[in-house]
Amino acid sequence: MRAGGRETGPAPDGAGLAEAFPASGAARAEWSADLAVVELYSQHYRALVRLAVLLVRDTQTAEEVVQDSFVAMHGGWQRLRDTEKALAYLRQAVVNRSRSVLRHRTVVDKNLQKAPPDMPSAEHGALVLLERDAVVAALRDLPDRQREAIVLRYYADLSEAEIAVAMGISRGAVKSHTARGMTALRAALEQQ
C-alpha cells in the first residue's frame, strides 16, 4: 500500500524493516520501543524472573513483577536517556517492584488473623517443604538489602557497579551489604 509515495505496509518480499513502516517520527519511535522490548524480553526475561523469584520468594508474583517492569519500560521508552542501559533499567525496575511487593506483604501479614497454634494452615505445610534447602532458608533470614546484594552478585552474576545501579545505592554500600550478608550466611549455615 502506498501513501504519499511511501510504502506503508510490510514489504511483500520481506525486505528491510524500515521500509515497512510509516515515516512519521511517532510511528518510528513506537516501532523502536516495540523492537527493543521484544529483543530484551527474548534475551533476558527468564533471568529477570529468576532474580525476582529470589527476591519475592514466589514465581507467580515474580513473573508479574517482571511483566510490569517490561510494560513500564515500553511506556517510558521515549524518556529513557540511554537506550543502551535498558537492561540496567529493567533490573532496577525489578528490584524496586520486588521491594514494593515485600512492603505490601508486610502490611498484609500484620493485618491477617493468625491461625490457632494447634491448626497449622495448608500453606504452612507446603512452605515447610520448600524451605528445607539450608542456603535458601538462611538467605531468607537476611535483611532485605543484604539478600538483594547477594542475589544480584552471586546468582545474577552482576558486577558491583551493576548492583549499585539496580539497587540504587553506592558501590561502597554494595560491598558492605554483600560482606555482612555473607558473614551472616556463614554463621547461619554453621549452626545447622
Side-chain angles (χ1 to χ4, degrees), residues 1-108 139 144-145 147-171 173-174 177-178:
M1 178 187 314
R2 290 195 172 271
R6 290 215 167 115
E7 193 75 28
T8 59
D13 62 355
L17 293 172
E19 298 155 2
F21 289 90
S24 76
R28 278 196 305 267
E30 183 66 28
W31 175 242
S32 175
D34 291 346
L35 278 178
V37 170
V38 167
E39 185 69 23
L40 286 165
Y41 185 91
S42 65
Q43 291 181 9
H44 301 287
Y45 175 77
R46 288 185 181 161
L48 290 169
V49 168
R50 287 190 300 261
L51 169 64
V53 165
L54 289 170
L55 297 175
V56 300
R57 306 172 204 132
D58 165 13
T59 303
Q60 183 178 356
T61 304
E63 288 173 345
E64 290 174 13
V65 163
V66 173
Q67 290 291 343
D68 289 347
S69 298
F70 272 102
V71 169
M73 186 190 69
H74 183 271
W77 185 257
Q78 300 308 320
R79 293 185 308 273
L80 192 61
R81 291 186 189 129
D82 185 356
T83 57
E84 296 298 317
K85 294 182 180 178
L87 180 58
Y89 170 87
L90 278 171
R91 283 190 194 118
Q92 185 172 10
V94 167
V95 169
N96 289 341
R97 289 173 191 277
S98 296
R99 288 177 185 160
S100 294
V101 165
L102 294 174
R103 281 191 299 270
H104 178 74
R105 282 184 187 166
T106 301
V107 170
V108 169
L139 188 61
D144 292 341
R145 291 292 174 113
R147 182 178 62 252
E148 289 171 3
I150 288 174
V151 166
L152 291 168
R153 175 67 184 106
Y154 296 103
Y155 183 76
D157 199 29
L158 299 181
S159 68
E160 287 176 355
E162 291 170 321
I163 296 168
V165 170
M167 291 180 67
I169 59 176
S170 69
R171 288 178 71 176
V174 169
H177 288 306
T178 303

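Please read all numbers here as calculations on a predicted model, not as lab measurements. Only this structure's heavy atoms are used, side chains among them; waters, hydrogens and symmetry mates stay out.
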Would you say His177 and Ile169 make side-chain contact, with heavy atoms under 4.5 Å?
yes

Distance col, row Asp157:CG vs Leu152:CG, nearest 0.5 angstrom, shows 11.0 Å

Tightest non-hydrogen contact, residues Glu148 and Leu55, listed as CG-CD2, 3.5 Å

To the nearest 0.5 Å, atom CZ of Arg153 lies from atom CD of Glu160 at 7.0 Å

CD (Glu63) and CD (Gln60) are apart, to the nearest 0.5 Å, by 7.5 Å

Taking it one step at a time, do Val66 and Leu51 satisfy side chain to side chain contact (heavy atoms under 4.5 Å, CB included)?
CA-CA 9 Å; Val66 173; Leu51 169 64; over 6 Å; no

Backbone N/O of Asp58 and side chain of Thr61: donor-acceptor pair under 3.5 Å:
no

Verdict with supporting geometry, Asp82 and Tyr89, side chain to side chain contact (heavy atoms under 4.5 Å, CB included)
CA-CA 10 Å; Asp82 185 356; Tyr89 170 87; over 6 Å; no

Work out which heavy atom in Leu139 is nearest to a heavy atom in Arg147; give both atom names and the distance.
O-CD, 3.6 Å

Do Val37 and Met73 have side chains that get closer than 4.5 Å, going by heavy atoms?
yes

After noting the C-alpha distance and the side-chain angles of Thr83 and Trp77, does the key distance pass the side chain to side chain contact (heavy atoms under 4.5 Å, CB included) rule?
CA-CA 8 Å; Thr83 57; Trp77 185 257; 3.4 Å; yes

Among side-chain atoms of Thr106 and Arg103, is any donor-acceptor pair under 3.5 angstrom?
no

Leu102 and Asp144 have their tightest heavy-atom pair at CD1-OD1, 4.4 Å

Closest heavy-atom pair and its distance - Arg99, Met167
NH2-O, 3.0 Å

Between Gln43 and Glu39, do the side chains contain a donor N or O and an acceptor N or O under 3.5 Å apart?
yes

Does Arg105, at its CZ atom, have more than 12 non-hydrogen atoms belonging to other residues, nucleotides or ligands within less than 6.0 Å?
yes

Classify the angle between the aromatic ring planes of Tyr45 and Phe70 as parallel (below 30°), tilted (30 to 60°) or perpendicular (above 60°).
tilted

Looking only at non-hydrogen atoms, find the nearest pair between Asp34 and His74 and report the distance.
OD1-NE2, 2.5 Å

Would the distance check show the side chain of Arg91 and the main-chain N or O of Val165 forming a donor-acceptor pair, the cut-off being under 3.5 Å?
no

Would you say His44 and Leu90 make side-chain contact, with heavy atoms under 4.5 Å?
no

Could you tell me the separation between the OG atom of Ser98 and the CZ atom of Arg57, rounded to the nearest 0.5 Å?
10.5 Å

For Ala149 versus Ile163, what's the shortest heavy-atom pair and its separation?
O-CD1, 4.1 Å

